[in-house]
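Working notes for the structure below.
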Amino acid sequence: QVQLVESGGGLVQAGGSLRLSCAASGSAFRRYAMGWFRQAPGKEREFVGGISWSGGITSYADSVQGRFTISRDNARNTVYLQMNSLKPADTAVYYCAARGYRMATPEGHEYDYWGQGTQVTVSS
């Protein structure tokens, strides 16, 4: 069982930056690939990016490629989402998710555990 808790969301102006954190419980964190997803009001949940359990492989949605960076610290059981050059279109609730495989995937149904989400609002 893994519990995930996101933090770091908030209100930021367009062009600004935020760093989200996702803290995981349990000693097996290093055996989980992690994903970040987001859901804006009235829209479906979408994949933002993912990181392999070693942290060596990352993947991103086209919409955030070059602006967002995912990293993890297995010693701290934490995964991060650094968001730069934020746009109003990035406004959403952001969720982290864990799956018990080496690689992340953009398919939300393939994740076993989810956090409660953290709100990110980007003003124009």
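Everything quoted here is computed from the prediction, not taken from an experiment. What you see below is based on every heavy atom in this structure, not just the backbone, and it leaves out hydrogens, waters and symmetry mates.
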Taking every non-hydrogen atom, the tightest pair across [X] and [Y]:
| X | Y | result |
| --- | --- | --- |
| Ser21 | Thr78 | CB-CG2, 4.2 Å |
| Ala98 | Tyr32 | CB-CD2, 3.9 Å |
| Pro88 | Ser124 | CG-CB, 3.9 Å |
| Ala24 | Val2 | CB-CG1, 4.2 Å |

Between [X] and [Y], is any pair of side-chain heavy atoms under 4.5 Å apart?
| X | Y | answer |
| --- | --- | --- |
| Trp36 | Ile51 | no |
| Tyr95 | Val48 | no |
| Arg38 | Leu81 | no |
| Tyr94 | Met83 | yes |

Measuring from atom [atom1] of [X] to atom [atom2] of [Y], what distance do you get when rounded to the nearest 0.5 angstrom?
| X | Y | atom1 | atom2 | value |
| --- | --- | --- | --- | --- |
| Gln1 | Asp112 | CD | CG | 10.0 Å |
| Phe29 | Met34 | CZ | CE | 5.0 Å |
| Arg30 | Ser54 | CZ | OG | 10.5 Å |
| Asn74 | Arg76 | CG | CZ | 12.0 Å |
| Thr58 | Phe68 | OG1 | CZ | 14.0 Å |

Under 3.5 Å donor-acceptor, [X] side chain and [Y] backbone:
| X | Y | value |
| --- | --- | --- |
| Glu6 | Cys96 | yes |
| Arg72 | Ser52 | yes |
| Thr69 | Gln82 | no |
| Arg99 | Met103 | yes |

State whether the number of non-hydrogen atoms from other residues, nucleotides or ligands found under 6.0 Å of Glu110 atom CD is greater than 12.
-> yes

Hey, is OH on Tyr113 packed in by over 12 heavy atoms from elsewhere, all under 6.0 Å?
->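 Yes - once you tally the heavy atoms of other residues, nucleotides and ligands closer than 6.0 Å, there are more than 12.
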
Same cluster for Leu18 and Val79 if Ile/Leu/Val/Met/Phe/Trp/Tyr side chains link at under 4.5 Å?
-> yes

Should Tyr60 and Val120 be regarded as members of a common hydrophobic cluster, given that ILVMFWY residues are connected when their side-chain heavy atoms come within less than 4.5 Å of each other, either directly or indirectly?
-> yes

Partner set under ring pair (Phe, Tyr, Trp, His ring centres under 6.0 Å) for Phe37, not counting sequence neighbours = Phe47, Tyr111, Trp114

Does Trp53 have Arg31 sitting over its ring (NZ/CZ under 6.0 Å from centre, angle to axis within 45°)?
->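 That pair qualifies as a cation-pi contact.
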
Under the side chain to side chain contact (heavy atoms under 4.5 Å, CB included) rule, collect the residues that match up with Thr91, sequence neighbours excluded.
-> Gln119, Thr121, Val122

